[in-house]
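A short write-up of the structure that comes next.
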Amino acid sequence: MQRSLFETDHDAYRDTVREFLAREVEPYYEQWEADRLIDRSAWLAAGKSGIIGLSIPEEFGGSGVGDYRFRCVVSEEIARAATTSFGQSVTLQDDIAIPYIKDLGTEEQKRRWLPGMAAGELIGAIAMTEPGAGSDLQGVKSTAVRDGDHWILNGQKTFITNGIHSDLVIVVARTDPSAGSRGFSLLVVERGMEGFSRGRKLHKVGLASQDTAELVFESVRVPATNLLGTEGCGFVHLMERLPLERLSIAVNAIAAARSAFGWTSRYVFERKAFGKRIGDLQNTRFALAEMLTEIEVTETHVDRCVLALNAGELSAVDASKAKWWATELQKRVVDRCVQLHGGYGYMMEYPIGRSYVDTRIQTIYGGTTEIMKEIIGRDIAAGFTS
């Protein structure tokens, strides 16, 4: 069945992304993984090539592209090149940090931060998760107290993507302890602010060069002008933007599954065992048939969600469906592909080996599979409320 998501402009952009990755990322990726850090020069190159900042309006230095299908092209090409750590870092910038500032920022904030983010000069992060608060955001303990023209921010965050490189950190903090879910606000902390420090660069199972860190805020004086959005509406702002974040993860998941299938299909029809190609064994053909069917069915659903996002119609529930299903599928597909590679599938010089360790986190961040099911289940139950 012919896929109908993309048009001519997307195909042309795909060539641009592929050339960029071959020139600026793939030759250095293995060293970045060994160093557990992507060189900042890659961010600057991505800015010059129009790989990041797609949704930023042209007046602020971006491409002014609101069509999310271009971001899908970036995700698919990164998956094909097996450079997932770079892809996840870019995804955090384009699908999370930039939309917060673009949608919620004042005119002054946009002019101050968006041009640098489009150019790759400013790297963004969002600090929600704490040592004692993961999926339950209402358990956030970080606090910010108003003091004249500043907020005094105290707290700790963990598992923060781009935590080491970040120049701008959107911090979720409790600004009114008595207001429940209406007591959270978003503050933008900038590199160099006194009292803001970075803890460990966390050593993860996979995504080695995607820097993930602990962040510490000790009486950081954040200017009142760095309040992002409306005071007390931080939780609402987070909920409004989770559909994009979760769809983004689903897009990355199906792209990764498709790439793993492609590598494995080629491998099994090149590798021989028992006097014939592995791909000529019935068990292998059945495995390939099952994986391809699941990938194409899931891809069709995710494509529909992308079009719904473009139309402003993607709901939190539908994004949750796409996120949990696509990431669980990715886990299944990548695991089966490792099996079909045999011992070579366990070697990190093979892309399927890297994909195996990079995949596991997908069902956890952005909301675990269990949380996604709870969101969907509550929506079902609401339909039977008298």
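One side chain, T369 or E328, offers a donor N or O that lies under 3.5 Å from an acceptor on the other. Judged by distance alone, the side chains of N154 and E218 never bring a donor and an acceptor atom under 3.5 Å apart. Defined by atom type and a distance below 3.5 Å, a donor-acceptor pair is missing between the side-chain atoms of S185 and E231.
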- Message: Between W324 and L329, is the side-chain contact (heavy atoms from CB on, under 4.5 Å) condition met? List the steps.
- Response: CA-CA 8 Å; W324 88 260; L329 171 67; over 6 Å; no
- Item | Step-by-step side chain to side chain donor-acceptor pair (under 3.5 Å) determination, Y29 to E24 | CA-CA 9 Å; Y29 189 74; E24 304 288 352; over 6 Å; no
- Check the pair Q362 / N252 against side-chain contact (heavy atoms from CB on, under 4.5 Å), numbers first and verdict last. CA-CA 9 Å; Q362 286 278 86; N252 287 330; 4.2 Å; yes
- Item | Check against ring-ring contact (aromatic ring centres under 6.0 Å, His included), F70 and H10 | CA-CA 6 Å; F70 286 95; H10 304 108; 4.4 Å; yes
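For the pair R18 and D15, the salt-bridge criterion is not met [side-chain N within less than 4.0 Å of a carboxylate O]. Contact check on D167 versus R191 returns a salt bridge, with a Lys/Arg side-chain nitrogen under 4.0 Å from an Asp/Glu carboxylate oxygen. A salt bridge links D147 to R221: at least one charged side-chain nitrogen sits closer than 4.0 Å to a carboxylate oxygen. Salt-bridge annotation for E130 and K157: present, with a side-chain N of the basic residue lying under 4.0 Å from a carboxylate O of the acidic one. Here R3 pairs with E76 in a salt bridge; the nearest charged N to carboxylate O distance falls below 4.0 Å. Taking a cutoff of 4.0 Å between a charged side-chain nitrogen and a carboxylate oxygen, D103 and R241 qualify as a salt bridge. Using a 4.0 Å cut-off between charged nitrogen and carboxylate oxygen, R277 and D280 count as a salt-bridge pair.
With hydrogens and angles ignored, the 3.5 Å screen pairs no side-chain donor or acceptor of T368 with any backbone N or O of I364. Between the side chain of R36 and the backbone N or O of D211 there is no donor-acceptor pair closer than 3.5 Å.
Judged by a 6.0 Å distance limit and a 45° cone about the ring axis, R111 is not positioned over the six-membered ring of F60. Stacking of R14 on the aromatic ring of F6 is recorded, both the 6.0 Å distance cut-off and the 45° axial limit being met. For R354 and W263, the positive end is not near the middle of the six-membered ring at less than 6.0 Å and at most 45° from its axis.
For I278 against A273, the heavy-atom pair with the smallest separation is CG1-CB, 4.1 Å.
A heavy-atom distance below 4.5 Å is found between the side chains of K321 and I376.
In this structure, CD in E214 is found 4.5 Å from OG1 in T158, a value given to the nearest 0.5 Å.
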